[in-house]
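All remarks here apply to the structure that follows.
Chain letters run A, B, ... following the sequence lines, proteins first, then strands; residues in each count from 1. These numbers come from a predicted model, not from an experiment.
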Number of protein chains: 2
Amino acid sequence: MARVSIKDVANRLGVSTATVSLVLNGKDKDGRVSENMAEKIRKEAKAMNYKPNNFARALRSGRSETIGLIIADISNPFFSHLAFHIQEHAERFGYSVIITNTNEDTAKMGKMISVLKSRQVDGFIIVPTENGKKYIDELLQDQFPLVLLDRYFSGINVSYVGVNNFQASMQATDYLLKCGCKRIALVIYKTNLRHMQERRDGYVAALAKYDLYDSRLIKEIDYRTIVNDMNRVVFDLMAGKEKIDGFFFSTNTISTLGLKKLAELNIKTPDDIKAVCFDKNDAFDFPGIAIPFVQQPIHEMGKRAVELLIEQMTRQQVLPVHEELTAILNKFS
Amino acid sequence: MARVSIKDVANRLGVSTATVSLVLNGKDKDGRVSENMAEKIRKEAKAMNYKPNNFARALRSGRSETIGLIIADISNPFFSHLAFHIQEHAERFGYSVIITNTNEDTAKMGKMISVLKSRQVDGFIIVPTENGKKYIDELLQDQFPLVLLDRYFSGINVSYVGVNNFQASMQATDYLLKCGCKRIALVIYKTNLRHMQERRDGYVAALAKYDLYDSRLIKEIDYRTIVNDMNRVVFDLMAGKEKIDGFFFSTNTISTLGLKKLAELNIKTPDDIKAVCFDKNDAFDFPGIAIPFVQQPIHEMGKRAVELLIEQMTRQQVLPVHEELTAILNKFS
DNA sequence: TATGATTAATTAATCGTTTTAGCAAATTTT
DNA sequence: AAAATTTGCTAAAACGATTAATTAATCATA
């Protein structure tokens, strides 16, 4: 059975497509269609199982009711949870979501923006890559509705949803200090993304208060060589070159690999060494692996990102909003 | 700057839109446009940064170059990895993917099919829910290109990509038997989905060979109450009501919860009890949690699903294909 | 030289929906 | 009762791309 168009419905009733369209879009009141006619049209459209052709509608209106979501990697649990909530929320507003991955590659992020532009999404939610500022600038230039998520750049006027990285990191570091740690190592990505710098700053601030800051205990690693880097860093730190008594792992992936290496070296937390981390991993639920972690309000982050974007897409002019949600240290499993 | 249409390019050169369209679609050879003109058009289109309007194109052609992917839950690592590979592969063919979740709810699966139909996707890749057969039947009736993934129904003529559940389960059970286990419990979802039944059958077949099959050792649990169910089942089994010396956890989620409960009860694997499971979880990389698992070729599954679908979408008539890939037991971390 | 074939372009219809402008008839206002 | 307004509907023009049908010119063939 072929698709039923508005014309089919109109022909069946011997009226014009305009009338049918008006009624089906709820504009029959001010479009002045008699209630009698309106009822007949609604009934017939239903009976014929009429479904609007979205392409025609989008062509006419220039709007696709679709959101483009660009994340680093959908197979990373942090992002997959984020994506889940974004979708569930977007759906409620009648929007579909096209998800694409950058794999932390800036060129790929550029390409994905192109792809989504060519799909004519109405707006973007983007977790940007390290050097992706220029692409974000371009989108802003072109007036695309846009919300940055999780990460942002300074010196750029754009809506953003993230967490209180500085505060939360300070809290996590404070926790280790309260446990009696004196020499706490931070393992963090080498990157100029602001949210990472804030995590570092929070750590530094907490230590500085007690005059315990030692820049040699900050270990920077590379996303591309993370497995090797982590093995090396953890091994070196534990091999006694520098005496440390605490670890602050600054992301989900870093902590998972760090803990793995520690377990491999037969070093137990929290007995042999204390550790905290940013973000959660499924593995942390296991008693043997239990580690306090900074819990991000992923649900809320997704929800707010969608809400801010939809506001931009539906209202004419909206001032950019920076929304910093609260992540707190979860001391139990 | 407003969007550049084909008409703008045509006007600038003083030619008709037809000529421009022919050239830009590479039909200038058989469409017979002079090489001279073709070159001019290509150059001008590029200079004006012409991008085709996908809605107009889709309206005209009836094709959206979009695939609808329906999975249970994008935040589950098995599915998020699957989604990742499906996307990467689809992208190579110029297709975008819209992902939606069912949360194992059949009504929601029906709704998601509607949503994707209204988005006019060219085809579907679906991980169906337990009672979703009728929806799949409908799609087939309407001749939609369709590939089922991971799970399927019997008595239905549709393309499918999955793994050798029976063989792999037998292999996993065999492994426990080789370890000396005599009473092996299977924890599995209560469902009529074929792939689960195959996993059960593989387990049964392996045990039957040695006359060790005992139906009381099969524990069925419910997806909706999985956390409670798992805690109860593992506790009961270990509390001595039935003496068991091995566990076969039949999915990713089941095994994670099962191992968690065991750890909580301070029971160690493989020292205190042996265990194997179907599918992988990040936690399994940890030495303390190491457990042999059946490893599914997720990359290949995604790749083949996309390939089979694209074949259906591009050729006229294609016979349904059942593709059973090989999952093998990974005995190490 | 007339005829047919080839080449190089254009015209105009089409996909399905939305929406502006406008026409007649019915109703209200003066 | 004429004028003004309201009501109920339609015609037709977009939106942008594709393509079958056509024209017109050039070239080759008999």
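- When heavy atoms are screened at a 4.0 angstrom cut-off, Val20(B) is found touching no nucleic acid atom at all.
- Using the six-membered ring where Trp is involved, Tyr152(A) and Tyr160(A) have ring planes that are tilted, between 30° and 60° apart.
- Between the C1' atom of dA14(D) and the CZ atom of Arg60(A) lies a distance of 5 Å, rounded to the nearest Å.
- The residues Lys108(A) and Glu88(B) are annotated as salt-bridged, a charged nitrogen and a carboxylate oxygen being separated by less than 4.0 angstrom.
- Nucleic acid contact for Ser34(A): sugar-phosphate only, since backbone atoms but no base atoms lie under 4.0 Å from a heavy atom of the residue.
- Across the protein-nucleic acid pair, Leu22(A) atom CG and dT10(D) atom P stand 10 Å apart, rounded to whole Å.
- Rounded to whole angstrom, the span from the CG atom of Asp8(A) across to the P atom of dT17(C) amounts to 9 Å.
- Ser16(B) comes within 4.0 angstrom of a nucleotide base, judged by non-hydrogen atoms across all strands.
- Considering only side-chain atoms of Ser5(A), the nucleotide from dG16(C), dT19(C), dA17(D) that sits closest is dG16(C).
- In this structure, Thr19(B) reaches the bases: a heavy-atom distance under 4.0 Å links it to at least one base atom across the strands shown.
- Following rounding to the nearest Å, Phe55(A) (CZ) and dT18(C) (C1') show an atom-to-atom distance of 17 Å.
- Note on Lys27(A): a side-chain N or O is less than 4.0 Å away from OP1 or OP2 of dT19(C).
- Closest approach to the Thr17(A) side chain among dT18(C), dA17(D), dC15(C) is made by dT18(C) (side chain taken as heavy atoms from C-beta onward).
- Atom CG in Asn53(B) sits roughly 21 Å away from atom P in dT14(C) (whole-Å rounding).
- Using a cut-off of 4.0 Å between Lys/Arg side-chain N and Asp/Glu carboxylate O, Arg42(B) and Glu35(B) are scored as salt-bridged.
- At the phosphate of dA17(D), neither OP1 nor OP2 sits under 4.0 Å from any side-chain N or O atom of Ser21(B).
- Within the nucleic acid shown, Arg57(B) comes within 4.0 Å of sugar-phosphate atoms alone, with no base atom in reach, counting heavy atoms only.
- The residue among Met37(B) and Tyr50(A) whose nearest nucleotide of DNA chain C lies closer to the 5′ end is Met37(B).
- The nearest whole Å value for the distance from the CG atom in Asn25(B) to the P atom in dA20(D) is 13 Å.
- Within the structure, the ring-ring contact (aromatic ring centres under 6.0 Å, His included) test picks out the following pairs touching residues 104-128 of chain B (sequence neighbours left out): Phe124(B)-Phe144(B).
- Sorted by first and then second residue, the salt bridge (Lys or Arg N to Asp or Glu O under 4.0 Å) pairs involving residues 44-54 of chain B (not counting sequence neighbours) are Arg12(B)-Glu44(B).
- Going from atom CZ of Arg63(B) over to atom C1' of dC15(C) covers 15 Å, rounded to whole Å.
- The distance from atom CG of Leu59(B) to atom C1' of dC15(C) is 4 Å, rounded to the nearest whole Å.
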